[in-house]
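Index from 1, following the sequence. Small disclaimer: the values here were computed from a predicted structure and weren't measured.
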Amino acid sequence: MMLFTQVQGLPVITAEEAEPLGRVEGLTIDAHTRSVACVRLSGAPKHAAAIAWNAIEGMGRDAVIVRSRAITDRGHSSFPAHQEVLGRHVLCENGTAHGTVKDIAFDDTTGQVRTLYTALGDISGDRLIGLGSYAVVVRVDSD
């Protein structure tokens with residue numbers, strides 16, 4: 001498990017060429033799959049500004065490893081629109097406010113969102129419904 005805040009700013013390096021590609025600027029979540037769709041980079045050429053999650057070889061405290069530079073040269077029109085989630089309001093589907101997102105825990109192997117940490121408590125990642133420019137929307141807790 002890793003947190004979004006732990007990954008931000010990490011260098012991204014290719015495994016095959018041992019070449020730096022940039023730094024992690026953010027992670028884009030696909031709300032439909034409730035998982036990380038891609039890693040967004042800063043300091044990278046425009047064509048390599050986002051890397052698909054399935055191109056990630058490994059992720060640790062010191063760096064993110066990508067298979068090869070060639071993997072970054074593919075088109076990325078299939079990525080969901082990037083919505084910044086840290087600091088966003090959290091709304092339940094019934095409109096009830098649930099604070100703001102402080103951090104997100106995700107599985108560093110699968111990219112699956114596990115927990116949204118909010119100002120008013122933790123929310124299981126499987127409750128995620130949608131992401132927008134104003135808020136993260138989650139299902140009402142059935143407990």
Novice: When you measure from the side chain of Gln6 to the backbone of Gly60, do you find a donor-acceptor pair of N or O atoms at a distance under 3.5 Å?
Specialist: no
Novice: Using 0.5 Å steps for rounding, measure from the CD atom of Glu84 to the CG atom of Leu27.
Specialist: 9.0 Å
Novice: Hey, does Val7 have a side-chain heavy atom less than 4.5 Å from the side chain of Phe106?
Specialist: yes
Novice: Show me the donor-acceptor pairs within less than 3.5 Å that the side chains of residues 133-140 make with the rest of the protein, sequence neighbours left out.
Specialist:
from	atom 1	to	atom 2	distance (Å)
Arg139	NH1	Asp126	O	3.0
Arg139	NH2	Asp126	O	2.9

Novice: What distance do Thr96 atom OG1 and Asp141 atom CG have between them, rounded to the nearest 0.5 Å?
Specialist: 12.0 Å
Novice: Which heavy-atom pair separates Leu91 from Ala97 by the least distance, and what is that distance?
Specialist: CD2-CA, 3.9 Å
Novice: Minimum heavy-atom separation for Ala119 and Gly99, please, with both atom names.
Specialist: CB-CA, 4.4 Å
Novice: How many angstroms lie between atom CD1 of Ile51 and atom CZ of Arg40, to the nearest 0.5 angstrom?
Specialist: 11.0 Å
Novice: Taking transitive links into account, so neighbours of neighbours count too, which hydrophobic residues share a cluster with Leu120 at under 4.5 Å side-chain distance?
Specialist: none
Novice: May I ask you to decide if Ala37's main-chain N or O and Thr28's side chain share a donor-acceptor pair within less than 3.5 Å?
Specialist: no
Novice: Can you name the one residue among Thr118, Leu128, Val85 that meets side chain to side chain contact (heavy atoms under 4.5 Å, CB included) with Ile104?
Specialist: Val85
Novice: Hydrophobic cluster membership, with links at side-chain heavy-atom distances under 4.5 Å among I/L/V/M/F/W/Y: are Leu10 and Leu21 in one?
Specialist: yes
Novice: Would a hydrophobic clustering, with Ile, Leu, Val, Met, Phe, Trp and Tyr connected at side-chain separations under 4.5 Å, put Met59 with Leu86?
Specialist: yes
Novice: What residues, two or more places apart in sequence or in another chain, satisfy side-chain contact (heavy atoms from CB on, under 4.5 Å) together with Thr115?
Specialist: Ala105, Tyr117, Asp122
Novice: For Gly58, is there any backbone N or O sitting under 3.5 Å from a side-chain donor or acceptor partner on Asp108?
Specialist: no
Novice: Which atom pair, heavy atoms only, marks the closest approach of Pro11 to Arg23?
Specialist: CD-NH1, 3.3 Å
Novice: With a 4.5 Å cut-off on side-chain heavy-atom distances among I, L, V, M, F, W and Y, is there a chain of contacts connecting Met2 to Val113?
Specialist: yes
Novice: Report the distance from atom OG1 of Thr100 to atom NE2 of His89, rounding to the nearest 0.5 Å.
Specialist: 7.5 Å
Novice: If you round to the nearest 0.5 Å, how far is CD of Glu16 from CD1 of Ile65?
Specialist: 12.0 Å
Novice: Quick check on the hydrophobic clustering: are Val24 and Trp53 connected, directly or via other members, by side-chain heavy-atom contacts under 4.5 Å?
Specialist: yes
Novice: Any idea which heavy atoms bring Arg88 and Gly132 closest together, and the distance?
Specialist: NE-O, 3.5 Å
Novice: Over all heavy atoms of both residues, which pair between Cys38 and Ala50 is shortest? Give the atoms and the distance, please.
Specialist: SG-CB, 4.2 Å
Novice: Can you tell me if Asn94 has over 12 outside heavy atoms packed within less than 6.0 Å of its CG?
Specialist: yes
Novice: Considering only Ile, Leu, Val, Met, Phe, Trp and Tyr, and joining two whenever side-chain heavy atoms are under 4.5 Å apart, list the other residues clustered with Met1.
Specialist: none
Novice: What are the two closest heavy atoms between Ser42 and Glu25, and how far apart are they?
Specialist: CB-OE1, 3.3 Å
Novice: Residues in salt bridge (charged side-chain N to carboxylate O under 4.0 Å, His left out) with Glu57, at least two apart?
Specialist: Arg67
Novice: With sequence neighbours left out, which residue pairs that include part of residues 109-118 fulfil the salt bridge (Lys or Arg N to Asp or Glu O under 4.0 Å) condition?
Specialist: Asp107-Arg114
